[in-house]
Amino acid sequence: MNKVAQIYREYLAALTDRLRDGERDIDALVAARQELLLASDAATPDEIDRELAAVRRDLEEFARS
């Protein structure tokens with residue numbers, strides 16, 4: 001599995017947990033994740049941007065369905 005896919009799966013799991021705990025501000029959740037990833041050097045800024053864009057896209061699609 002490539003790095004972006006691994007980051008995506010980890011983020012989706014973390015996001016799901018936080019939503020279950022009652023958090024609803026998706027923008028704040030995404031911003032917090034971005035800060036965490038940038039601070040950890042787990043990925044390049046480009047990889048982080050792609051991962052966050054994919055999460056937002058999937059959340060929008062879920063909301064429409």
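Numbers for residues simply follow the sequence, beginning at 1.
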Problem - Closest contact, heavy atoms only, Leu52 versus Tyr11 - result: CD2-CE2, 4.4 Å

Practice task
Would you check if Glu47 and Leu37 make a side-chain contact, meaning some heavy-atom pair closer than 4.5 Å?
Solution key: no

Practice task
Start with the C-alpha distance between Glu23 and Leu15, add both sets of side-chain angles, then the distance that settles side-chain contact (heavy atoms from CB on, under 4.5 Å), and finish with yes or no.
Solution key: CA-CA 9 Å; Glu23 293 185 53; Leu15 178 63; over 6 Å; no

Exercise for the section: Look at Arg18 together with Asp21 and state whether they make a salt bridge at an N to O cut-off of under 4.0 Å. Expected result: no

Problem - Within one Ile-Leu-Val-Met-Phe-Trp-Tyr cluster: Leu12 and Leu19, side-chain cutoff 4.5 Å - result: yes

Exercise for the section: Spell out, yes or no, whether Val55 and Leu38 are grouped together once hydrophobic residues are joined by side-chain heavy atoms under 4.5 Å, including indirect joins. Expected result: yes

Fill in the blank from the handout: So CG of Asp49 and CD of Gln34: to nearest 0.5 Å the spacing works out to 6.0 Å

Practice task
Keeping the roles fixed (side chain from Glu35, backbone from Ala32), state whether a donor-acceptor pair exists under 3.5 Å.
Solution key: no

Handout entry: Pair Arg33-Glu10, side-chain contact (heavy atoms from CB on, under 4.5 Å): steps then yes or no
Key = CA-CA 11 Å; Arg33 178 62 177 183; Glu10 290 171 2; 4.0 Å; yes

